[in-house]
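Here the structure is a predicted model, which is why all the values come from computation and not from measurement. Hydrogens, waters and symmetry mates are skipped; everything else that's a heavy atom, side chains included, is used.
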Amino acid sequence: MTGQPVYRTALRHLERVHEGKVRDSYAADRDSLLIVTTDRLSAFDVVLPDPIPEKGRVLNQISNFWFQRTQHLVPNHLTDRPLASVIRDADELAMLEGRAVIVRRLRTLPLEAVVRGYLIGSGWKDYQRTGQICGIPLPAGLRQAERLPEPIFTPATKAAPGAHDENISFERLTELIDASTAARVRDTALALYAFAAEHARARGIIIADTKFEFGVDEGGRLTLIDEALTPDSSRFWPADTYRVGTSPPSFDKQFVRDYLEGLDWDKRAPGPRLPPDVIAKTRDKYLEAIRRLTAG
């Protein structure tokens, strides 16, 4: 994984249809999109001005790794079309290598399918306040970062850019999408988490929680889209340093978050510049995550 960092793309011969926090989407044709995973990094819902070299390729390749291995659980949006079928310029092909895929256009479901295996983040805050997470009662006396009796499905609404997703109950989810689809999303997300958590644990990584996105095709078939089980969409903890009662270190933006928390910054755009050592340490964590996950 080499090459110059890619912060923003402007492909010459394709129409850009969306720019997200990390991914740029282009119309490949009527039925397909080309999705580019850039090296942008967001923290506290703000896209920071400095890219993390190789991050986009790591995220893209981790997602592809999981897409390939979870087809027995749910179909995904990938096609087998090569980038050269829609990209003609050699320099653009070189830039996109390893960080772009051509996917099917699907109807996206308006939710984040979150699965939690451990008590951390907003779930920990919810539990401290109510003894529940998204309306799901949990045993009393659980500590921060403790493993839950069993993984739980805690959906969230997709927020507008710059806003935070909102945790909702399963009952609320059935008001946004029909009950049958909601149940399929829940059961599929839990199955994906269980499969991935077992694989990762054998390689020294705890997947504390993760979020999936789903779409449906013209036949109504549930399909996994966006990214899957990456350090950006999940909390990955090193198993050898995991301790209950504290927030464990992560294979992701930990160095960035720690640095930003020490600044006099109101967590609004524009974000501050990052020093070289924070960028380098963050890059190394992403590379370690893919090395561990894909080993063996």
Side-chain angles (χ1 to χ4, degrees), residues 22 37 41-43 55 58-74 76 111-127 133-134 136 138 142-156 165 167 185-214 224-257 282 284-296:
V22 175
T37 307
L41 183 143
S42 68
K55 172 179 179 281
V58 167
L59 294 180
N60 185 58
Q61 292 179 26
I62 288 178
S63 284
N64 291 348
F65 173 84
W66 290 117
F67 284 142
Q68 180 182 354
R69 283 159 180 76
T70 58
Q71 294 179 80
H72 64 294
L73 298 173
V74 63
N76 60 69
L111 66 109
E112 300 275 6
V114 180
V115 179
R116 303 173 189 269
Y118 291 75
L119 192 55
I120 198 70
S122 64
W124 168 240
K125 294 176 182 177
D126 195 4
Y127 173 77
I133 301 179
C134 294
I136 301 172
L138 294 174
L142 297 178
R143 293 179 291 166
Q144 185 181 26
E146 189 162 351
R147 187 173 184 174
L148 298 174
E150 60 183 10
I152 58 175
F153 174 67
T154 60
D165 297 336
N167 295 336
V185 167
R186 177 195 61 205
D187 295 346
T188 302
L190 288 168
L192 286 166
Y193 175 82
F195 176 84
E198 181 179 1
H199 173 95
R201 189 62 187 256
R203 289 154 183 82
I205 292 177
I206 294 171
I207 304 180
D209 54 37
T210 193
K211 63 180 180 180
F212 303 104
E213 292 195 36
F214 293 97
L224 184 61
I225 64 172
D226 194 54
E227 64 181 317
L229 295 149
T230 73
D232 271 19
S233 65
S234 318
R235 280 189 178 86
F236 288 174
W237 295 337
D240 57 356
T241 57
Y242 165 69
R243 301 289 184 275
V244 175
T246 186
S247 180
S250 304
F251 283 104
D252 58 2
K253 315 171 190 178
Q254 186 75 29
F255 290 106
V256 173
R257 283 192 292 257
T282 303
D284 289 346
K285 281 298 181 184
Y286 279 93
L287 291 172
E288 185 180 357
I290 192 170
R291 179 185 62 78
R292 288 204 192 191
L293 284 174
T294 59

Quick check: does any side chain N or O of [X] sit under 3.5 Å from a backbone N or O of [Y], one acting as donor and the other as acceptor?
X      : Y      : value
Arg257 : Ala43  : no
Ser233 : Thr230 : yes
Trp124 : Gln144 : no
Asn167 : Ala156 : no
Arg69  : Phe65  : yes
Tyr193 : Ile207 : yes
Asp126 : Cys134 : yes

Heavy-atom side-chain proximity of [X] to [Y] below 4.5 angstrom:
X      : Y      : answer
Leu293 : Ile205 : yes
Phe236 : Ile206 : no
Arg235 : Phe251 : no
Val114 : Pro155 : no
Ser247 : Ile120 : yes
Phe212 : Glu112 : no
Ile62  : Pro231 : yes

> Going through the checks in order, is the side chain to side chain contact (heavy atoms under 4.5 Å, CB included) test met by Val256 and Leu41?
Replying inline: CA-CA 9 Å; Val256 173; Leu41 183 143; 3.9 Å; yes
[X] [atom1] to [Y] [atom2] distance, which is reported to the nearest 0.5 Å:
X      : Y      : atom1 : atom2 : answer
Leu138 : Glu146 : CG    : CD    : 10.5 Å
Ile136 : Ile152 : CD1   : CD1   : 4.5 Å
Gln71  : Asn76  : CD    : CG    : 5.5 Å
Asn60  : Ile290 : CG    : CD1   : 9.0 Å
Leu224 : Leu192 : CG    : CG    : 6.0 Å
Ile133 : Tyr127 : CD1   : OH    : 9.0 Å

> Please walk me through it: do Thr154 and Arg116 pass side chain to side chain donor-acceptor pair (under 3.5 Å)?
Replying inline: CA-CA 7 Å; Thr154 60; Arg116 303 173 189 269; 2.8 Å; yes
>> Please report whether the ring centroid of Tyr118 lies less than 6.0 Å from that of Trp237.
In response: yes
> Who pairs with Arg243 by side chain to side chain donor-acceptor pair (under 3.5 Å), at least two apart in sequence or on another chain?
Replying inline: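 Arg243 satisfies side chain to side chain donor-acceptor pair (under 3.5 Å) with no other residue.
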> Taking only residues two or more places apart in sequence, or in another chain, which ones meet Thr70 in a side chain to side chain donor-acceptor pair (under 3.5 Å)?
Replying inline: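 Here no residue qualifies.
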> Hey, mind stepping through Val58 and Leu287 against side chain to side chain contact (heavy atoms under 4.5 Å, CB included) and telling me if it holds?
Replying inline: CA-CA 7 Å; Val58 167; Leu287 291 172; 3.7 Å; yes
Atom of [X], atom of [Y] and distance for their closest heavy-atom approach:
X      : Y      : result
Thr210 : Ser234 : OG1-OG, 2.7 Å
Pro151 : Leu190 : O-CD2, 3.9 Å
Leu111 : Ala113 : CD1-N, 3.6 Å
Tyr242 : Arg147 : OH-N, 3.7 Å

> Using 4.0 Å as the upper bound for N to carboxylate O, is an ion pair formed by Asp232 and Lys55?
Replying inline: yes
> Got a salt bridge between Glu198 and Arg201, using NZ or NE/NH1/NH2 to carboxylate O under 4.0 Å?
Replying inline: no
>> Determine whether Phe214 and Asp226 satisfy the following criterion, side chain to side chain contact (heavy atoms under 4.5 Å, CB included), listing intermediate values before the conclusion.
In response: CA-CA 8 Å; Phe214 293 97; Asp226 194 54; over 6 Å; no
> So Lys285 and Ser250, side chain to side chain contact (heavy atoms under 4.5 Å, CB included) or not? Walk me through it.
Replying inline: CA-CA 8 Å; Lys285 281 298 181 184; Ser250 304; over 6 Å; no
